[in-house]
Each structure stands twice: as C-alpha cells, then as structure tokens.
Amino acid sequence: MTDLFRTDDLSFDYRPRASRREVSSDWTLQNIAVSIPAGSTVGIVGESGSGKSTLVRLLCGLLAPSKGDIVFEGRSIKDWLSNGQRDFYRRNQIVFQSPASSVDPRLRIKASLSEPTKALERRKPEPTELKNWLEDVGLSSDVLSRYPHQLSGGQLQRIAVARALSVRPEVLFADEPTSALDVSVQAQVLNLLMGLKHRHGLTLVLVSHDLAVVARVCDRILVLKDGQVVESGETAAVMTDPQTAYTRTLIEASRATSLVKD
C-alpha cells in the first residue's frame with residue numbers, strides 16, 4: 001500500500017522556542033518516524049501523557065512540528081498549509097474525545113453539522129445532504145432542530161462523526177472517540193467507525209489507551225511511551241510477539257480489563 005502520511009525525525013515541544021534545549025527527554029514527542037498506508041486502520045496506543053493526541057494533532061495540521069517534517073501524499077505539510085490549506089483540512093478530518101465539547105452548545109445541530117461544508121467548500125449544504133449524513137451514522141433528521149444538551153453522549157459523537165465525513169475526507173482521525181461514553185455505547189460507536197471506514201474507503205487512525213480496542217480493529221499498531229515510538233508493526237505481530245516490556249505490560253493490562261468487563 002502507498003503511504004499517505006510519513007514523518008521524518010518528527011519532534012514537538014509545547015514550550016516557546018526561546019526556552020527549548022536540543023531534543024531531550026522533556027520534549028513531548030521525540031524523533032518520531034511513522035508511516036500510514038492508504039486504506040489502513042492504524043492504532044496509536046499508550047498511557048496518558050505518552051504523546052498520542054499531540055501526534056494526531058500534528059498529523060492533522062493543528063500543531064506545527066518543532067523539528068522534522070510530516071509528508072502527506074508526497075508533499076510537506078508546511079507546503080500544504082501554505083498552498084492548499086483548505087484542501088488539506090477537507091481531506092483530513094478528526095473526531096475528538098469529548099462529543100459535548102465538539103459542538104457549540106448555543107447552536108442547533110443543523111448549524112453545527114453544516115460548519116465544515118461552509119468553511120471548507122464555501123457553500124451551504126442542501127437539506128437532503130444533511131439527512132443523508134445523519135442516516136449514514138444511524139440518526140434521523142429530527143435531531144437537526146435540537147440543541148446539543150438534548151442529545152445523549154453517543155448521539156453527539158455520531159453527530160461529530162457525521163460532521164467530519166460531510167466533506168468526504170480521505171483520512172479520519174479518531175482521538176479516544178469512545179472513552180467519554182458509557183460502556184454500553186462504546187462498542188456501538190466503534191462498530192460505526194469501522195463500518196464507515198469500509199463503506200467510504202477511509203484511512204482510519206484510532207487513538208486509544210486501550211490496547212484491546214486497538215488490537216480488535218486495527219491493521220497496524222504504534223506504541224508510544226514518553227513521547228517516543230517504542231514499538232510498531234502489524235497488529236498480529238505486536239500482539240503475539242511484543243518486543244518491549246512496555247508493550248507486554250499494555251497487553252497484560254488490556255487482557256485484565258477485558259476479563260473484568262466480561
């Protein structure tokens with residue numbers, strides 16, 4: 001498969017440039033080299049603070065690298081964001097962890113759902129488009145007139161997914177998309193994402209602290225610890241023959257959690 005994304009010596013530090021040293025252990029991300037093949041489902045896993053969300057925000061163009069580069073379809077992300085920013089953001093969409101904070105509480109769902117089309121395609125979506133987007137994620141059009149507080153967390157996350165897909169992206173980033181939801185609806189949202197991935201031919205990048213979730217749905221796994229990639233590879237290889245003690249610990253923890261849930 002052809003790589004959509006590739007990073008080269010990617011590093012990031014939230015501190016201002018003037019207060020940074022050379023890349024060291026206190027940077028958020030350090031010397032990240034990863035590739036994301038077109039059409040794949042890639043899981044990024046690690047404990048809280050490992051740098052998972054920061055890496056996704058860099059890939060999406062929401063943060064700028066402190067060092068190194070990100071290449072999307074053969075072009076540096078710096079070039080994309082200077083010459084083709086709207087197209088880059090249309091083709092790469094993200095669903096965040098908290099569905100409630102992803103929408104403006106003052107706006108009806110119709111307005112929130114229309115925002116990407118207005119911003120990235122400079123047009124107002126047709127009523128039939130809104131209806132189709134909602135049907136795609138298992139919701140009826142009667143939610144269009146409601147406010148966010150009138151919907152459940154699972155419904156809001158479906159709205160967030162529908163909004164991301166409204167501009168027909170090639171890559172969908174899902175940053176802990178189920179962790180803020182009740183256990184009863186987590187599997188539903190995960191199954192929804194996988195169905196949409198296959199139906200729309202998406203490349204899906206799933207961020208999670210739960211290795212069991214990632215292993216269940218992803219082709220490839222990227223393990224982060226303290227801002228560094230400690231292991232990566234095809235899911236079966238990582239799960240059956242982990243190369244680091246940290247990965248083995250994550251596997252054992254995910255199995256223990258699965259036993260508790262069962």
Side-chain angles (χ1 to χ4, degrees), residues 1 3-7 29 32-60 94-99 154 157-158 160-161 164 171-262:
M1 291 185 287
D3 287 340
L4 270 183
F5 276 98
R6 188 182 75 253
T7 69
L29 290 175
I32 302 293
V34 300
S35 60
I36 298 176
S40 64
T41 305
V42 177
I44 301 176
V45 67
E47 60 193 347
S48 296
S50 60
K52 305 185 301 294
S53 294
T54 299
L55 176 57
V56 165
R57 282 161 174 74
L58 285 162
L59 293 172
C60 289
I94 184 169
V95 175
F96 293 102
Q97 177 177 351
S98 173
Q157 196 62 295
R158 289 172 185 265
V161 173
V171 186
L172 181 65
F173 294 89
D175 188 0
E176 298 271 14
T178 63
S179 63
L181 304 177
D182 292 339
V183 174
S184 59
V185 298
Q186 288 180 2
Q188 296 174 19
V189 172
L190 197 60
N191 290 336
L192 171 69
L193 288 171
M194 293 308 299
L196 292 168
K197 178 246 188 308
H198 293 296
R199 192 152 67 243
H200 295 283
L202 298 167
T203 299
L204 177 63
V205 179
L206 176 65
V207 175
S208 179
H209 64 276
D210 190 339
L211 186 55
V213 169
V214 169
R216 191 159 65 244
V217 300
C218 294
D219 310 318
R220 300 181 61 82
I221 292 177
L222 178 74
V223 182
L224 284 181
K225 184 180 188 299
D226 298 330
Q228 295 181 305
V229 176
V230 296
E231 189 154 357
S232 64
E234 295 184 0
T235 299
V238 172
M239 296 300 292
T240 58
D241 187 25
Q243 300 300 300
T244 68
Y246 179 69
T247 304
R248 288 192 289 273
T249 299
L250 291 179
I251 292 173
E252 291 168 3
S254 67
R255 288 172 178 163
T257 302
S258 297
L259 288 173
V260 170
K261 288 180 180 178
D262 293 341

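Residue indices begin at 1 and follow the sequence shown. Bear in mind that the values here come from a model prediction, so they are computed numbers and not experimental data.
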Is there side-chain contact between [X] and [Y], with at least one heavy-atom pair below 4.5 Å?
{"X": "Leu196", "Y": "Leu172", "result": "no"}
{"X": "Leu55", "Y": "Leu222", "result": "yes"}
{"X": "Leu211", "Y": "Val238", "result": "no"}
{"X": "Met194", "Y": "Thr41", "result": "yes"}
{"X": "Val213", "Y": "Gln186", "result": "no"}

Hey, does the side chain of [X] reach the backbone of [Y] with a donor-acceptor pair shorter than 3.5 angstrom?
{"X": "Gln243", "Y": "Glu231", "answer": "no"}
{"X": "Ser208", "Y": "Val45", "answer": "no"}
{"X": "Gln97", "Y": "Ala174", "answer": "no"}
{"X": "Lys52", "Y": "Gly46", "answer": "yes"}
{"X": "Thr235", "Y": "Ala215", "answer": "no"}

- Who passes side chain to side chain contact (heavy atoms under 4.5 Å, CB included) against Glu234, sequence neighbours left out? Arg220

- Note on the structure: The reported gap from OG in Ser232 to CG in Leu224 (rounded to nearest 0.5 angstrom) is 10.0 Å

- Around atom CZ of Arg6, are there more than 12 heavy atoms of other residues, nucleotides or ligands at under 6.0 Å? no

- Message: Assess, by modelled atom type and distance only, whether the side chains of Asp175 and Ser53 contain a donor and an acceptor separated by less than 3.5 Å.
- Response: yes

